[in-house]
Structure formats: C-alpha cells, structure tokens
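Structure, as structure tokens:
Naming convention: chains lettered A, B, ... in sequence-line order (proteins, then strands); numbering from 1 in each chain. Only a predicted model underlies this, so the values are computations on that prediction, with no experimental measurement involved.
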There are 2 protein chains.
Amino acid sequence: MKVAEPTVERLVQYRRLLDRMDRDKVQVISSKEIGDMLGFKASQVRKDLSYFGEIGKRGVGYNVDRLLKHVSDILSPPRKWNVGLVGVGRLGEALLDHKAFLSDKYEIVALFDVSDEKVGETFFGRPCFHVDDMPEKLEEMDIEILILTVPKDAAQRCVDAGTEKGQIKGVLNFSPSSVVAPPGLIVYSVDISVELEKLLFYLKHEGTKSI
Amino acid sequence: MKVAEPTVERLVQYRRLLDRMDRDKVQVISSKEIGDMLGFKASQVRKDLSYFGEIGKRGVGYNVDRLLKHVSDILSPPRKWNVGLVGVGRLGEALLDHKAFLSDKYEIVALFDVSDEKVGETFFGRPCFHVDDMPEKLEEMDIEILILTVPKDAAQRCVDAGTEKGQIKGVLNFSPSSVVAPPGLIVYSVDISVELEKLLFYLKHEGTKSI
DNA sequence: AGGTGTGAAATCGTTCACAGCC
DNA sequence: GGCTGTGAACGATTTCACACCT
C-alpha cells in the first residue's frame, strides 16, 4: 500500500494523542475531537484512518484503545533499527538526551566525531568512534540509520562514508545543507534555520499562513 | 502576493547556495545547475524565481550577484525581530549556540525557564527570566517571536502566556506536541521524533520516498 | 440523531513543453 | 544553440457531501 507523506506525519500525531487519551482513561473519541485537538479537519482525520480499514463505529466514534493499537501497528517497524549519530556537538548531545529518542523501535548505538577529545570517550553510555572508521564500524554494529548533527561542510562526506559499503538505508540530516543521495537511500532533512526563515517570511507577509 | 510554503522553503535554500556561489566568485548560474545542486527540477527553480519578476537572461542564465540580492530582498523582513527562547535545557542551549541563529534579522534577546538554578543567570550573554514573568518581560523587551524548547506539557502554557497580551506573532515550537493557536498567530513546529518516525515508516515500506 | 467511510469535486503544487530572447 | 518565463497538463492532497450504520 502506498501512503502519502502528510498522512504518515499525521498518523504519528494521532498515535501520540491516542496514547495520552488512553492513559487518561478516555474510551471513545470522534474524528472531530481528534481534529480539534491537533488542528486538522474531521474529514481529514477520517480519511487518514480509513486507509487502513474500517476501524470506527458509525454513530459512535473510535474506540481509543483499539485505534491506538491499530495506528501503532501501522507505524511500527518490523524490527529494531540501530542508529549512528555523527557529530557530538551541542545539538548532537541534545538529541542523545532527547526523550523522543527513547524508543523500542530504534536505538542510538554509536557516535562518530572527528575530535580527538571525543573519540574513545563515552557519551550517555554510547561509545564515540572516529568518522574515518565509519564504514567498518557501521557494518560491524549493523547500523542502518544515520543522524547527522555535523557542520554543513561535513554532511555530504558523512553520507558518502555511510553508503560506501551500502549498508545505510536512511539519514536524518540536521545540518544546514542539502545532500545528494544515491537512489534508494531515504534522506530527511530538518533544517532549523529554514524553519525560522519561513516563519519570518510569513510574519512579514502577515497572516497568510498557519499550521 | 501569495507564495506557497514549499516555494519559500526553496527560496531559503537558493539564497544559501547563491551566497556560497557569490563568495566563490561564480558569476552566472543556470536553473539546471541550481536544481542539480539542491535536488530540484530545473523547471521548478525557474518557476520559483519567476514569481518575483524576470530576473534571468534567456540563453544565458542568472547573474549570481543580482539573483542573490533579489532573493534576499524577497526573504528579508523589513526590520529586526526580537526573539525569546523558552526552556533552557540541552536543546535550548544547542540552539542558542547554533550558527543558524546568528543573523541580522532576528536576535534572541531573552531566555525563560522555570528552574531556580537558571532564572537570574546569563547564558551565552542572554539573561534568563522566570516563565511566570513572560507577559511583562515580552512586552518590556518588545519580543514578538518565541522559540519553544520546553517539555511537551509546557508548550501550550507558553503559547498562552505569550499571547496573553497579544504581542507574540510567531512561534517556532520544538516540543513534541501540537499547540492550539489563536487566529493570526503563526506556529511552525519542528518535531524531531516525528521526522524519525516518518523515516522509519518509509524504511519499512522500502524505497517509496526520497528527500 | 450522530458519526463513520468514501467517491467526487476542489484545491494546491509540480512538471511539461514550447514560445521568446540572447 | 542554449536557457528563461509561463500557460497548460498533470499529479497529489484536502475538503465536501452524502450514503450508510448504530
């Protein structure tokens, strides 16, 4: 089945909301309630959820517990992924410590940096290796995903090193630069300054855009 | 004029590229070259640039210096904005130190936190106040933009405090939660874990998506 | 009555294809 | 010949509207 990217993004948010509702012992929820809480139209919510089968009850709504399991199943990867984080600077450390990166679906198992002060050390329980050793270490540790928190000039080199032996399947790039990826490699970029620039643009052209 | 969000996002990237080209003394560049370097189609680049007038030369390409000025003018806000950063944790500090946040268009002028250890201190030259004092401080310091690097449960409260006296116009939210914003307030959310989840989803459904 | 599921319509964004200029 | 500017075609995503179930 093919699912559009905006749908996946919303599914992640549905799960987060449902998880909270479930903990709060809410039993039933309607598409309108979900939409209001997350800022989407009810029809959007219903369309997203109906892609994966009829899960709600007409005239009633969705059973929170059941829907949560359903959405989780859709999103959950079939196995756990090993992740490598490249660039142990402030941003890298912040991500290491980020609650979002506590999951049973992925785990940051190794760090990479170029600084002699960092290589050989351990940060938040993860060993740091030299970037030059990436190809071997990635293979050895079965790492298939890279998170890049490196300066912009280093990003492309990291992608190249990660794909050298072909083992890296996905990259989450936090550096302020575009990278060219070989076909098959999935790259997501989160460009912090671009987000702020967009915000400024729409502030200038006041009130044209909201989320 | 109304400009689509994906266009703004690309414009920011054009400017970044043109800036580098200009420093490298490149004089002329074609839409194809720009596209290849950033991963867009040439026709996309031309369409984006043509929204703001005819700036290229047919048969030749774009004058880098001229195009850079042009794109900068489109993106530049009319004046400098004062920004407040809420939540001086690891992520907050990483952003404070982030080169992307060095600009003549905006400046982080104040920090807010709830921790007694942080309130009253100075971080990277910026004073930290208590979140409870936000409404007054924001007004006093003429802050119109908030960056939120707070835990998810605090995000909504920060937006509410920021809009209490109506002075906040834009919010860049890094916390893993959706916030409901009053109309007129522009909210951009950068949800780090959502990005990773999307990546995992497409890794699972292998090779359906890129960038 | 109330709320889901879903084709059809509308909107939004990208790509094509070609006329026009250098 | 090469490259821009742009209407028109296409593709993707959202919203509408209503049949259908409880």
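In this structure, B:Lys41 places its NZ atom 18 Å from C1' of D:dG5, rounding to the nearest Å. Distance CD (B:Gln44) to P (D:dT4): 14 Å, rounded to an integer number of Å. Separating the OH atom of B:Tyr14 from the C1' atom of D:dT4 is a distance of 14 Å, rounded to the nearest angstrom. Protein atom CD1 of B:Ile55 is 15 Å distant from nucleotide atom C1' of D:dC3, rounded to whole Å. B:Lys32 places its NZ atom 18 Å from the C1' atom of D:dG5, with the value rounded to the nearest Å. Between B:Tyr62 atom OH and D:dG2 atom C1' the separation is 13 Å, expressed in whole Å. Going from atom CG of A:Leu11 over to atom C1' of D:dT13 covers 14 Å, rounded to whole Å. Straight-line distance from the CD1 atom of B:Ile34 to the C1' atom of D:dT4: 12 Å, rounded to whole Å.
Along DNA chain D, the nucleotide nearest B:Arg58 and the nucleotide nearest A:Ser43 are compared for position; the residue whose nucleotide lies closer to the 5' end is B:Arg58. Where A:Val60 and A:Asp48 meet DNA chain C, the nucleotide closest to each residue was compared, and A:Val60 sits on the side nearer the 5' end.
No hydrogens or angles were tested; on distance alone, a donor-acceptor pair under 3.5 Å links the side chain of B:Lys47 to the base of D:dG7.
A close approach under 4.0 Å does occur between a side-chain nitrogen or oxygen of A:Arg10 and OP1 or OP2 of D:dT14. For A:Arg46 and D:dT15, the shortest distance from a side-chain N or O to OP1 or OP2 is not below 4.0 Å. For B:Ser31, no side-chain nitrogen or oxygen approaches OP1 or OP2 of D:dC3 to under 4.0 Å.
Using a 4.0 Å cut-off between charged side-chain N and carboxylate O, A:Asp73 and A:Lys69 make no salt bridge.
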Query raised in the report: Can you check side-chain hydrogen bond (donor to acceptor under 3.5 Å, both in side chains) on B:Ser193 and B:Asp191, steps first, answer last?
Result: CA-CA 6 Å; B:Ser193 59; B:Asp191 198 321; 3.2 Å; yes
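The aromatic rings of A:Tyr106 and A:Phe101 lie perpendicular to each other, with more than 60° between the two planes, well past the 30° mark.
Across all strands shown, A:Leu49 has no heavy atoms under 4.0 Å from either base or sugar-phosphate atoms. At a threshold of 4.0 angstrom between heavy atoms, the contacts of B:Thr7 with the nucleic acid are absent.
Under a cut-off of 6.0 angstrom, the local environment of CZ in A:Arg90 is crowded, with over 12 non-hydrogen atoms contributed by other residues, nucleotides or ligands.
Distance check: B:Asp97 CG to A:Leu91 CG gives 10.0 Å after rounding to the nearest 0.5 Å.
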